[in-house]
Protein chains: 2
Amino acid sequence: MPFAYEFARPALTVDCVVFGIDEDDLRVMLIQRGIEPFAGMWAIPGGFVRVDESLEDAARRELEEETGIRDVFLEQLFTFGRVDRDPRERVVSVAYYALTNLIGHDVHARTDATNAAWFALSEPPELSFDHAEILEAAYARLRGKVRYQPIGFELLPDRFTLTQLQRVYEIVLDREIDKRNFRKKILAMGILKDTGDVQKDVAHRAARLYRFDKRVYDRMVRKGFHFEV
Amino acid sequence: MPFAYEFARPALTVDCVVFGIDEDDLRVMLIQRGIEPFAGMWAIPGGFVRVDESLEDAARRELEEETGIRDVFLEQLFTFGRVDRDPRERVVSVAYYALTNLIGHDVHARTDATNAAWFALSEPPELSFDHAEILEAAYARLRGKVRYQPIGFELLPDRFTLTQLQRVYEIVLDREIDKRNFRKKILAMGILKDTGDVQKDVAHRAARLYRFDKRVYDRMVRKGFHFEV
DNA sequence: GATACTAAGTGTGGCAATTACACGAAAGGC
DNA sequence: GCCTTTCGTGTAATTGCCACACTTAGTATC
C-alpha cells in the first residue's frame, strides 16, 4: 500500500452513459460485470480516475477501453456521491454522457473480453449500484438539452436527411413532430449545409443529405442566436 | 498516515458559490485565505469531503462552518478536475451554488475567525486556484436556469413585492423587463400567494407582499406546467 | 414499359402568445 | 395641502406557432 494519506479519501471514478439511436429506439451501451459485487449484472461503463489525467480524459479512456468507442460528443452530467452507493467502500463517481451514432460502432467488433451491448432505453436490464439512477439522470438531461442545444446531430452520421433528424427528435422527445413545421424551423436557422448529395440505394425518392455546420452555428451564437426545436 | 491505498487517490473537495442580491447588484460571498497557497487572496468557500458524508452534506457543512449560512437553496453545479488546478497535489472539486437573500445573512455577525465578505459580481477580486472559472460557470448556470426554474424567489426574503421580484430578474438577466407584462405573466401562472399584507415604512404607496407557493407549483409541474420568464 | 408503392418536398390561414406603451391612485414627507 | 415616489392596471399591433394535404421522384413488381 504505497499511497498513504492523513485522512481517509473516497475513491473517485467516472461513469459514462452512451446513447445511440436506432430506427425506432434510443439505446444505451452497457457492459456486463465480470466480478463481484453484482457479477453478471449490467452496468454503465466506467472506472477509476488516475491522478495524472483530467476527469474528461478518464471518461474517454474508460469508454474506449471498455467499449471501443472514441471521438464522440461527451459532456459532464452529474457527480454521484451517496455514502452507500458502493457496498465495498466510499466511491464518488463523476458521470458523463456521450452521444454517438451506433452505425459504425458495432460493439462486438471492438470489444473482446468484456461483454458489451446496446439496450433499448425503454427496456433496460437490472443495473448494478445506483446506475439506474444515473441512467435516468442522463436521459432527463438529454431530453431537456436536445431542445435548446444542437446535440441531436451527434446521434446521426456526419451526413443525414431531414427526416432522419426529425426522427431523432421524435424518439428523444417521445412525441410526433409536424414534418413541414420541423423542416421550416430547422432550415430557417441556417445551421445545416446542403451537401448536394442524395441518399443512395433507397427504394423510393432519395432525400437530400445535410451536414451540421458548426462554424456557422458558433458564429451565430456569438451574435445572440438561440437554438430551439 | 493511517489511510493507505493501493493506488494514488485525488483529494476530493466541495466548493460553494453563494449568490445574494442587493438593490442593484448580484453579489457573491467569498472568504479570504489564511494559508498558502494564495494566502491573503480570496476564494470560494469549500473544503474536504469526509468519507461518511454525502457531497451535498459536505457542501452545506463547509458553507455553514466558513460563512454561517445555512438552510439555503443549494444545487450541484459542476465537478472541476483539471490535473494542475491545485499546485500542491491533485484535487478534484465538486462545485455547488447556493442562493440566499443577503438580508439576514450579515456576514460579520456569524463569522469570527475567517474573513468573509460579499462582493459585487461585476467587480470580483482576484481569485485563488481556478475559482474564477467556477464563479463564471455558476453565474452562467444561474442566468440560464432562472428563466425556466422558479429559483429567483430564493434570492428574496420569504415575502416580497412584484417589483422586487422583477428587479431580481432584471439584475440576473441584465436587461430591463416591462412592468405590466411581467406582472401579467407571473400572476397568470398562479404560483404566488397574496399574503394580504403590504410593505411597511416606505415613503410611497405600499406594495402588496406575495409569497412563492411551492405546493401549488409542485402540483402544477406534475400536471405538465412549465415555468418560464 | 405500365402500374403501384414509398417517402420527399412544399405553402397558407387561424389562433395564441408576446410586445409595446401611459396614466390615475395611494402613501408618506415636507 | 402639496409634492414626490412607487403602485397597479388594459389594449392594440405584431409575431410566432400550429394544423393541415397534395404533387414529385425514384424503385420495385408484374
Side-chain angles (χ1 to χ4, degrees), chain A residues 21-24 103 146-148 152 156-157 159-171 173-211 220 224-229, chain B residues 21-24 146-148 152 156-157 159-171 173-211 220 223-229:
Chain A
I21 211 157
D22 201 337
E23 304 298 305
D24 305 295
I103 304 116
V146 79
R147 290 192 44 236
Y148 61 93
L156 289 172
R159 306 186 324 155
F160 51 86
T161 70
L162 290 179
T163 302
Q164 288 174 326
L165 185 62
Q166 183 178 336
R167 274 304 285 155
V168 168
Y169 282 94
E170 290 182 331
I171 290 170
L173 298 175
D174 196 29
R175 64 180 164 87
E176 294 198 343
I177 297 173
D178 179 82
K179 182 174 170 178
R180 278 181 287 194
N181 293 336
F182 180 80
R183 297 163 90 91
K184 216 184 311 171
K185 188 182 258 183
I186 294 284
L187 289 176
M189 292 181 191
I191 58 176
L192 293 191
K193 194 154 79 190
D194 190 338
T195 63
D197 288 347
V198 295
Q199 288 180 306
K200 297 285 176 217
D201 304 318
V202 286
H204 53 77
R205 176 173 177 180
R208 301 167 104 89
L209 291 168
Y210 292 87
R211 196 192 302 275
M220 287 170 62
F225 170 74
H226 179 67
F227 179 90
E228 186 166 343
V229 178
Chain B
I21 210 158
D22 200 337
E23 303 298 306
D24 305 294
V146 79
R147 289 191 44 237
Y148 61 93
L156 289 172
R159 308 188 320 156
F160 50 85
T161 70
L162 290 180
T163 302
Q164 288 175 324
L165 185 62
Q166 183 178 338
R167 274 305 285 158
V168 168
Y169 282 94
E170 289 183 331
I171 290 169
L173 299 175
D174 197 27
R175 65 180 162 87
E176 293 198 346
I177 297 173
D178 179 81
K179 182 174 171 180
R180 279 180 288 194
N181 294 335
F182 179 79
R183 297 164 91 92
K184 217 184 311 172
K185 187 183 257 183
I186 293 284
L187 289 177
M189 291 180 191
I191 59 176
L192 294 192
K193 194 155 78 189
D194 189 338
T195 62
D197 288 347
V198 295
Q199 288 180 305
K200 297 286 175 215
D201 304 318
V202 287
H204 54 78
R205 178 175 175 181
R208 301 168 105 88
L209 291 168
Y210 292 86
R211 194 192 303 275
M220 289 170 62
K223 289 180 184 165
F225 169 74
H226 179 67
F227 178 91
E228 187 167 342
V229 178

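Below, chains carry the letters A, B, ... as their sequence lines are ordered, and counting in each starts from 1. In this text, all values refer to a predicted model and were calculated from it rather than measured experimentally.
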Please pick, from [options], the nucleotide with the shortest atom-to-atom distance to any side-chain atom of [X].
X: B/His204; options: D/dT5, C/dA22, C/dA20; value: D/dT5
X: B/Lys179; options: C/dG9, D/dC20, D/dT9; value: D/dT9
X: A/Ala203; options: D/dA28, D/dC7, C/dC21; value: D/dA28
X: B/Ala207; options: D/dT11, C/dA22, D/dC7; value: D/dC7
X: A/Lys184; options: C/dT12, C/dG28, C/dG24; value: C/dT12

Next on the checklist: If the cut-off is 4.0 Å, is B/Thr163 near the phosphate of D/dC7, judged by side-chain N/O to OP1 or OP2?
Outcome noted: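 True: B/Thr163 side-chain N/O within range (under 4.0 Å) of D/dC7 OP1/OP2.
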
Checklist entry - Is any side-chain nitrogen or oxygen of B/Arg183 closer than 4.0 Å to OP1 or OP2 of D/dG8? => result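 True: B/Arg183 side-chain N/O within range (under 4.0 Å) of D/dG8 OP1/OP2.
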
Next on the checklist: Closest-nucleotide mapping onto DNA chain D: is A/Arg205 or A/Lys185 further toward the 5' terminus? I mean the 5' end.
Outcome noted: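 Counting from the 5' end, the first nearest nucleotide belongs to A/Lys185.
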
Next on the checklist: Quick check: on DNA chain D, is the nucleotide nearest B/Leu187 upstream (toward 5') of the one nearest A/Arg180, or the reverse? Name the residue that is more 5'.
Outcome noted: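 It is B/Leu187, whose closest nucleotide lies nearer the 5' terminus.
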
Rounded to the Å, how far apart are [X] [atom1] and [N] [atom2]?
X: B/Phe182; N: D/dG8; atom1: CZ; atom2: C1'; value: 14 Å
X: A/Asn181; N: C/dC15; atom1: CG; atom2: C1'; value: 14 Å
X: A/Glu23; N: C/dA7; atom1: CD; atom2: P; value: 11 Å
X: A/Leu165; N: C/dA7; atom1: CG; atom2: C1'; value: 17 Å
X: B/Gln199; N: C/dA25; atom1: CD; atom2: C1'; value: 16 Å
X: A/Asp178; N: C/dG13; atom1: CG; atom2: P; value: 17 Å
X: B/Asp197; N: D/dC7; atom1: CG; atom2: C1'; value: 16 Å
X: B/Leu162; N: D/dT6; atom1: CG; atom2: C1'; value: 13 Å

Item to check | Parallel, tilted or perpendicular: ring planes of A/Tyr169 versus A/Phe227, cut at 30 and 60 degrees | outcome: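 Ring orientation, 0 to 90° scale: tilted.
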
Please report the interatomic distance [atom1]([X]) to [atom2]([Y]), rounded to the nearest 0.5 Å.
X: A/Leu165; Y: A/Arg183; atom1: CG; atom2: CZ; answer: 10.0 Å
X: B/Asp178; Y: B/Gln166; atom1: CG; atom2: CD; answer: 7.5 Å
X: A/Ile191; Y: A/Phe225; atom1: CD1; atom2: CZ; answer: 5.0 Å
X: B/Glu170; Y: B/Asp24; atom1: CD; atom2: CG; answer: 11.0 Å

